[in-house]
Novice: 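Below is a structure I'd like to ask you about.
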Amino acid sequence: QTGLITLDPGYVNTGSCESSITFIDGEKGILRHRGYPIEDLCEKTDFLETAYLVIYGRLPSQAEYDRFRDDIAEHSLPHNGLSRMFEAFPKDSHPMALLASVLPSMYAYYPYDENDPAQVDKAILRLLGKIPVLASWVYRKLRGWPLNYSNPDQSYAANFLDLTFNTPANRFKLDPDIVKALDLLLILHADHEQNCSAATVRMIGSSQVNLYAAIAGGMCSLWGPLHGGANQKVLEMLEVIKNDGGDIQKYLDLAKDKESGFRLMGFGHRVYKNFDPRARIIKKHADRVLSKLGINDPLLKLAKELEEAALNDSYFVDRKLYPNVDFYSGIIYKAMGIPTEMFTVMFAVGRLPGWIAQWREMQSGSTRISRPRQVYQGETRRDLMSMVKNH
Ligand code: SDX
């Protein structure tokens with residue numbers, strides 16, 4: 001039998017923990033980071049400010065922001081050995097296989113003393129500086145392009161777009177609307193309480209392993225189609241429905257048939273039971289970004305029709321299945337020219353501050369290793385009768 005479920009900082013033997021980073025009210029569709037509503041953070045901060053808030057617990061002063069930005073830029077150059085690792089991977093590697101693989105190896109190139117807070121802070125800056133570069137290398141590796149390096153004079157979002165798309169033959173035009181839309185998407189993914197990948201980071205980190213290894217675990221958890229992999233699956237699902245004559249009802253009926261194994265990707269959430277506030281914000285911006293870019297993507301119209309039909313279907317309403325953060329995000333990524341296979345990588349770039357914050361909080365709290373218990377349902381004690389009598 002399991003013991004009584006008690007709250008503790010590090011999941012020592014339960015599935016829940018105490019945290020002060022993110023508050024979610026699933027019934028009311030509330031999401032706050034360190035007390036600030038996500039709607040305000042999207043409107044009044046940029047991604048680095050939200051990252052600083054999520055990690056260190058308060059918004060930075062201008063001087064702190066400038067120092068944070070400059071320190072991240074200073075640590076954005078990945079070791080040459082990491083680029084050689086990228087060269088060794090097959091050309092058609094899964095983007096998350098590439099990104100998640102180099103994470104633990106960062107400790108080989110940047111070992112640090114976990115007991116020295118200054119070195120831990122530097123490891124955090126190295127992650128924030130190098131992940132956008134490594135993410136851009138994933139995109140460029142799959143195209144056989146030479147790898148780019150950070151431009152410290154640009155914002156975090158602009159730098160990522162530049163790193164990813166710029167080639168000598170085709171100077172990428174940094175459209176301010178695209179940069180702002182990416183910055184918004186990164187803010188919306190920054191943290192989300194004890195989701196599967198954040199809980200994984202805390203669980204791995206509780207063994208006192210280094211930060212890079214714990215973040216690598218979070219990356220691998222996010223890779224799954226039920227978690228961060230869903231944004232890619234949403235676009236693929238919408239394409240299938242579009243190519244099948246846009247027969248929405250057919251796919252709603254398929255999603256109700258458990259035998260089919262088909263799920264409406266981008267729908268449903270373990271915590272949000274009325275709406276995902278992030279989906280509302282992204283849906284609003286999808287309209288704005290696409291019309292600003294003069295893009296008339298039939299998938300956006302199809303997504304809205306699908307949402308409308310599902311919200312009027314008792315199967316989905318009864319099960320409180322509404323669009324989640326992944327339902328509309330891919331449509332904006334697509335408008336930016338980011339291919340579906342990179343969507344989960346984008347999610348990881350946005351979620352990195354949250355994983356770091358969860359890891360730091362867990363490290364500052366309980367020093368005990370997480371050790372969930374089980375309800376044993378196997379055989380009771382049995383005597384071993386030797387199968388072969390004469391040996
Ligand atoms: C993220 O935890 C987080 O905060 C995650 C996240 C974050 O920011 O970190 O918000 C990001 O991962 C968002 C979720 C992305 N995944 C998807 O969009 C994949 C599709 N969604 C589902 O697989 C599902 O809704 C989950 C995984 C999101 C939630 O799963 P739950 O809470 O375990 O729900 P469930 O599987 O117990 O389903 C409850 C019922 C079941 O039917 P019954 O057995 O009650 O008859 O709802 C049905 C399910 O079959 N159901 C769906 C469905 N999701 C649930 N039916 C059709 N389509 C769906 N998408």
Side-chain angles (χ1 to χ4, degrees), residues 15-17 19 21-27 29-33 38 41 50 54 96 185-203 215 217-238 240-241 248-282 303 306-307 309-311 313-331 340 343-344 346-355 357-358:
S16 21
C17 73
S19 177
I21 303 167
T22 291
F23 171 75
I24 298 174
D25 181 322
E27 290 306 320
I30 292 173
L31 169 57
R32 297 186 198 127
H33 294 314
I38 188 65
L41 291 172
T50 293
V54 162
M96 286 304 285
L185 287 171
L186 294 175
I187 290 173
L188 285 166
H189 286 82
D191 186 58
H192 210 241
E193 201 224 59
Q194 301 311 312
N195 57 85
C196 185
S197 55
T200 303
V201 169
R202 288 181 85 115
M203 183 76 77
I215 299 296
M219 285 251 183
C220 291
S221 158
L222 188 77
W223 187 350
L226 291 190
H227 191 9
N231 53 16
Q232 175 177 347
K233 297 293 179 195
V234 170
L235 260 287
E236 291 165 2
M237 172 187 75
L238 291 172
V240 165
I241 297 173
I248 285 173
Q249 196 52 50
K250 171 180 172 185
Y251 288 87
L252 289 183
D253 294 340
L254 204 56
K256 299 177 201 172
D257 169 13
K258 296 275 187 312
E259 299 301 309
S260 74
F262 175 79
R263 281 198 162 191
L264 274 193
M265 298 315 277
F267 258 73
H269 199 277
R270 179 64 57 80
V271 178
Y272 290 123
K273 296 306 173 192
N274 282 307
F275 64 92
D276 181 334
R278 303 167 297 175
R280 279 196 173 174
I281 294 169
I282 295 175
L306 184 59
E307 175 185 5
L311 298 190
D313 183 313
S314 59
Y315 175 91
F316 298 93
V317 175
D318 294 350
R319 288 167 180 79
K320 298 182 181 295
L321 300 175
Y322 302 87
N324 57 49
V325 66
D326 294 308
F327 191 60
Y328 287 103
S329 57
I331 290 168
T340 51
F343 287 4
T344 309
M346 299 309 296
F347 195 140
V349 174
R351 184 52 52 91
L352 179 63
W355 288 333
Q358 299 283 346

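Counting starts at 1 for both ligands and their atoms, in listed order. Position 1 is the first residue of the sequence; numbering continues from there.
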Novice: Do the side-chain N and O atoms of Y328 and E307 include a donor-acceptor pair separated by under 3.5 angstrom?
Specialist: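 Per modelled atom types, Y328 and E307 side chains form a pair under 3.5 Å.
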Novice: Any side-chain heavy atom of M265 within less than 4.5 Å of one from E236?
Specialist: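 Heavy-atom side-chain distance check fails, nothing below 4.5 Å.
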Novice: Protein residues near ligand 1, heavy-atom distance below 4.0 Å?
Specialist: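 Contacts of ligand 1 under 4.0 Å: H192, N195, L226, H227, A230, A255, K258, R263, L264, M265, G266, F267, G268, H269, R270, R278, Y315, R319, L321, N324, D326, F347, R351.
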Novice: Is any side-chain N of the basic residue among D326 and K233 closer than 4.0 Å to the acidic one's carboxylate O?
Specialist: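 Between K233 and D326 there is no salt bridge, as every charged N stays at least 4.0 Å from the carboxylate O atoms.
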Novice: Without hydrogens or angle criteria, can the side chains of S197 and H227 be said to hold a donor-acceptor pair below 3.5 Å?
Specialist: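 Yes.
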Novice: Can you find a heavy atom in the side chain of D257 that is under 4.5 Å from one in the side chain of F262?
Specialist: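 When only atoms from C-beta onward are counted, F262 and D257 do not touch, as no gap falls below 4.5 Å.
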Novice: Does the ring center of H269 lie less than 6.0 Å from the ring center of F327?
Specialist: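 Here the rings of F327 and H269 have centres that are no less than 6.0 Å from each other.
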